[in-house]
Amino acid sequence: MIINNNKGIILYQSKYGATKKYAEWLKEMTAFDCVETPKAVIDDAVQYETFLLCGGIYASGIAGLSFLKKNFGKLKDKKTAILCVGASPYDEDALNEIKAHNLTGDLKEIPLFYGRGAWDESNMKFIDRTLCRLLQKSVAKKDPSTYEPWMKALMCAAGQTCDWTDKKYLTPLLDYLRE
């Protein structure tokens with residue numbers, strides 16, 4: 001179902017491919033144009049009525065958010081939303097923490113949506129793999145009964161290749177676009 005033919009743009013920044021997959025699905029579902037954030041030009045982006053940013057979550061930050069922060073003055077009158085993508089299962093408290101950490105000041109009221117991504121240590125850059133393993137070692141020292149949802153997911157994913165991407169995660173965002 002096409003929502004709003006060519007009246008929107010999707011900017012995305014994907015490190016390992018899950019965010020790109022969501023951006024491509026959104027492109028199919030909305031007929032919006034789709035551009036990688038590093039290739040985006042603000043003068044092009046302001047021509048659209050709707051602005052979507054899709055970015056992976058890395059160390060609690062949303063990839064590509066700097067483009068929105070830098071250019072929000074020119075985009076503030078657009079219908080704007082952010083889809084962040086992470087390896088953890090959906091957890092409202094964790095999403096609220098991500099929002100509080102990333103969406104401050106002028107960005108505070110932007111709707112934030114979540115899509116679960118993927119996990120493949122063999123595809124990770126050395127530094128990311130090392131940081132994940134250090135985090136796993138740290139979490140392993142805790143009592144498993146006290147694990148938060150992201151901790152359980154991290155420990156279960158260790159050594160596995162997992163792809164949790166699913167179009168169902170886009171439903172709340174698509175509903176927002178229809179409003």
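The basis for the numbers below is simple: all heavy atoms, side chains too, and nothing from hydrogens, waters or symmetry mates.
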Is the side chain of Thr80 donor-acceptor paired with the backbone N or O of Lys78 at a distance under 3.5 Å, no angle test?
yes
Closest non-hydrogen atoms of Leu173 and Ala81, given as atom of the first, atom of the second and distance, are CD1-CB, 3.8 Å
Find the distance between OH (Tyr169) and CH2 (Trp164) and round it off to the nearest 0.5 Å.
9.5 Å
Nearest 0.5 Å, please: how far is CG in Asp106 from CZ in Phe72?
6.0 Å
Closest non-hydrogen atom pair, Cys84 against Leu112:
SG-CD1, 3.9 Å
A cation-pi test, strictly: NZ or CZ of Lys15 under 6.0 Å from the centre of the six-membered ring of Tyr58 and no more than 45 degrees from its axis. Yes or no?
yes
Take Glu24 and Lys21 through the salt bridge (Lys or Arg N to Asp or Glu O under 4.0 Å) test and state the conclusion after the steps.
CA-CA 5 Å; Glu24 289 172 349; Lys21 185 187 283 189; over 6 Å; no
Do Lys27 and Tyr12 meet the cation-pi criteria used here (NZ or CZ under 6.0 Å from the six-membered ring centre, within 45° of the axis)?
no
Minimum side-chain heavy-atom gap Leu53-Thr37 below 4.5 Å
yes
CG-CH2 distance between Asp166 and Trp25, expressed to the nearest 0.5 angstrom:
6.0 Å
Checking Leu75 against Ile42 for the side chain to side chain contact (heavy atoms under 4.5 Å, CB included) test, could you report, in this order, the C-alpha distance in whole Å, the side-chain angles of both residues, the deciding distance, and whether it holds?
CA-CA 9 Å; Leu75 297 168; Ile42 188 59; 3.9 Å; yes
Close side-chain approach of Leu52 and Leu177, heavy atoms under 4.5 Å:
yes
Quick one: does Thr30's side chain get under 4.5 Å of Thr50's, heavy atoms only?
no
Side-chain contact test, heavy atoms from C-beta onward, threshold under 4.5 Å: evaluate it for Ser88 versus Tyr114 and give yes or no.
yes
Please assess Glu28 against Lys167 for the test side chain to side chain contact (heavy atoms under 4.5 Å, CB included), listing each intermediate value before the final yes or no.
CA-CA 11 Å; Glu28 291 171 13; Lys167 290 180 181 179; 4.2 Å; yes
Would you indicate whether the side-chain heavy atoms of Gln13 and Phe67 approach each other to under 4.5 Å?
no
Distance col, row Met29:CE vs Leu174:CG, nearest 0.5 angstrom, shows 6.0 Å
Correct closest heavy-atom pair for Thr146 and Lys142 would be OG1-CB, 4.2 Å
Check whether Lys99 reaches the backbone of Ile110 with its side chain - one donor and one acceptor, N or O, closer than 3.5 Å.
yes
Starting at CD1 of Ile57, measure out to NE2 of His101 and round the result to the nearest 0.5 Å.
10.5 Å
Report the C-alpha distance between Ile9 and Leu11 in whole Å, list the side-chain angles of each, state the deciding distance to 0.1 Å, and finish with yes or no for side chain to side chain contact (heavy atoms under 4.5 Å, CB included).
CA-CA 6 Å; Ile9 188 168; Leu11 266 57; 3.6 Å; yes
State, without any angle test, whether Tyr48 and Asp33 hold a side-chain donor-acceptor pair at a distance under 3.5 Å.
yes
Return yes if some donor-acceptor pair links the side-chain N/O of Arg116 with the main-chain N/O of Thr165 below 3.5 Å, else return no.
no
Please name the residue in the list Ile82, Leu26, Ile62 that meets the side chain to side chain contact (heavy atoms under 4.5 Å, CB included) test with Cys54.
Leu26
Gap separating the CG atom of Leu95 from the CD atom of Glu97, nearest 0.5 angstrom:
10.0 Å
Nearest heavy atoms of Ala118 and Ala18, plus distance in Å:
N-CB, 4.0 Å
Test item: Asn123 and Thr161 side chains (from C-beta on) under 4.5 Å apart, heavy atoms
no
Within the distance-only criterion (no hydrogens, no angle test), does the side chain of Ser14 pair as donor or acceptor with the backbone N or O of Lys20 below 3.5 angstrom?
yes
